[in-house]
2 protein chains.
Amino acid sequence: MKTTGTVPRLTARGVATRARIVEAAADLVFERGVAETGLDAVLAASGTSKSQLYHYFADKDDLVLAVIERQTERVLAEQEPQLHELDSIAGLHRWRDALVGLQRHGGCVGGCPIGSLVAELAGSDRPRELLRAGFARWESFLVAGLTTMRDRDELRPDADPRDLATAVMTALQGGLLLTATTRSTRPLELGLDMAIAHVEAHRLSRSVQPRGRREGPVDAGPARPAGTSTASRSG
Amino acid sequence: MKTTGTVPRLTARGVATRARIVEAAADLVFERGVAETGLDAVLAASGTSKSQLYHYFADKDDLVLAVIERQTERVLAEQEPQLHELDSIAGLHRWRDALVGLQRHGGCVGGCPIGSLVAELAGSDRPRELLRAGFARWESFLVAGLTTMRDRDELRPDADPRDLATAVMTALQGGLLLTATTRSTRPLELGLDMAIAHVEAHRLSRSVQPRGRREGPVDAGPARPAGTSTASRSG
DNA sequence: CGTATACTGGACTGTCAAGTCCAGTAATCT
DNA sequence: AGATTACTGGACTTGACAGTCCAGTATACG
């Protein structure tokens, strides 16, 4: 998974400097957007200079590519604990709560670190491909969990884990976008609750339930009013 | 609903020129983003000059505000026929098909004209407020339709039209975002199908059904494989 | 018809950002 | 140790862009 392509031969110090640049750039891009982030600001924030930046990256576009990959890593790392337990309704709920918590903790600012780059970068092919790959990686954890559920006969055999996962991703991304717009976690909560209810709607009526796990009604409903361990402040 | 505030007194020619500028700016902003759209490009596209632009707008930010409002108008106008018939599952399906059709027709480029501005503009208060208002207006048509359905006893009394509408909006926005990323209408289709199924899940079991309307199973399921009158090309 | 004001044209300025260059220092390898 | 190559510093060039200015034309209105 090399980033740039033909980097001569990186020294220990070299990789450190490069990493510092990408890290600073990722921070700035997240809070200001790509176009609004000047290279000088990246240099200042990372304590490096022009020549160093251009030693490791062909140009700004090249740096942006590295930033996309870094942001993907960050997003996945943030959810690491929950991401591997998406093989049950309860696990999905924990994931939901974690995401909502992260948004609230961050003041509902910025939305999705990957999603917020789409509008600005999806016009060009290389960045779009990287964004697509980032979403695909994210989604793959959902696919894995849902597939496990189906294999355990907790989901109907005709339920397609890939389609379900994509649907969940739309609610997630839209929820994050509207959350950033309204500065309220409410849209994210409602979106993800809908998505989880959608998964539940695909459950086998009397599934085997390996461990004792109690769930809500099959048709979802507004059972979970929108906040669980969370204090939801709507806009 | 005045845009700028203290515009002296607009002549017929004045409003025409102003409109031409906003129109051109809206086009360019949609396809290139705010930051990537230079005022010179707007001038060239609208056949106007610097002094005209600064005669009608205080600065670029002010123009961007007008663009947000214009884009909101455009988005709503585009869906005009379907927007007033969101008071039935069939109407929601027609709306869904129209949105998918629009995306496919446009090559799945650009995503939502409003949503794509969020990442770039939600950092400042004035633009964010306008974006929020735009989404709210959009959502209000859903709220109206869903409320009608509930009043007709087609939805359970405890179903909250506002929450349902917000959930639908998340699927819509996320669907558009992922559609722009993958250049496939598939995510939008799956997202909106999930959202409609979510509404269906809130139906009264044996509702009065004013006109003869046949629907799918209450628990949604993958009954509608993702393409109806549409040819879905997944990525 | 005349004057006040809306409107227009285009050259000009200042700033800031991307990318270049070259001279110098620190590693690495034999 | 010495040569080769990775790495670093900062000044410099170039261009684009937002915003200004002023002189001139069309339009409203008495």
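Here is the naming used below: chain letters follow the sequence lines, and residue numbers restart at 1 for every chain.
- Computed from coordinates, the R18(B) CZ to dT8(C) P distance equals 13 Å when rounded to whole Å.
- We find that R132(A) and E129(A) are joined by a salt bridge, their nearest charged nitrogen and carboxylate oxygen being less than 4.0 Å apart.
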* To do: Apply side chain to side chain contact (heavy atoms under 4.5 Å, CB included) to I114(B) and L117(B), showing your working.
  => CA-CA 6 Å; I114(B) 307 178; L117(B) 299 174; 5.5 Å; no
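- For Y56(A) and dG19(C), the OH to C1' distance is 18 Å, given to the nearest whole Å.
- For the contact set between residues 35-49 of chain B and DNA chain D, defined by any heavy atom under 4.0 Å, the members are T37(B), G38(B), L39(B).
- For the pair L53(A) CG and dT8(D) P, the interatomic distance rounds to 12 Å; values are reported in whole Å.
- For the pair H55(B) NE2 and dT25(D) C1', the interatomic distance rounds to 13 Å; values are reported in whole Å.
- Which of dC21(C), dA18(C), dT8(C) sits closest to the side chain of K50(A) comes down to dA18(C).
- Sequence order on DNA chain C of the closest nucleotides to D61(A) and R20(B) puts R20(B) first from the 5' end.
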* To do: Check the pair S46(B) / E23(B) against side-chain hydrogen bond (donor to acceptor under 3.5 Å, both in side chains), numbers first and verdict last.
  => CA-CA 8 Å; S46(B) 60; E23(B) 212 67 22; over 6 Å; no
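- Where T17(A) and D59(B) meet DNA chain D, the nucleotide closest to each residue was compared, and T17(A) sits on the side nearer the 5' end.
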Between protein and nucleic acid, restricted to nucleotides 25-29 of chain C and to nitrogen or oxygen atoms under 3.5 Å apart, what atom pairs and distances do you find?
unit_1	atom_1	unit_2	atom_2	d
dA26(C)	O3'	R13(A)	NH2	3.4

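- Distance L63(B) CG to dG19(D) P: 10 Å, rounded to the nearest Å.
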* To do: Step by step, work out the side chain to side chain contact (heavy atoms under 4.5 Å, CB included) result for L63(A) and D59(A).
  => CA-CA 7 Å; L63(A) 172 61; D59(A) 52 21; over 6 Å; no
* Tell me, with the steps shown, if F135(B) and V118(B) meet side chain to side chain contact (heavy atoms under 4.5 Å, CB included). => CA-CA 11 Å; F135(B) 284 133; V118(B) 170; 3.8 Å; yes
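- Considering all non-hydrogen atoms of both residues, S184(A) and T179(A) come closest at O-OG1, 3.0 Å.
- Heavy-atom minimum distance, E36(B) versus A35(A): OE2-CB, 4.3 Å.
- Residue Y54(B) has no polar side-chain atom (N or O) positioned under 4.0 Å from OP1 or OP2 of dC7(C).
- Of the candidates D61(B), L65(B), I68(B), V67(B), I68(B) is the only one forming a side-chain contact (heavy atoms from CB on, under 4.5 Å) with L121(B).
- Qualifying ring-ring contact (aromatic ring centres under 6.0 Å, His included) partners for F30(A), counting only residues two or more places apart in sequence or in other chains: none.
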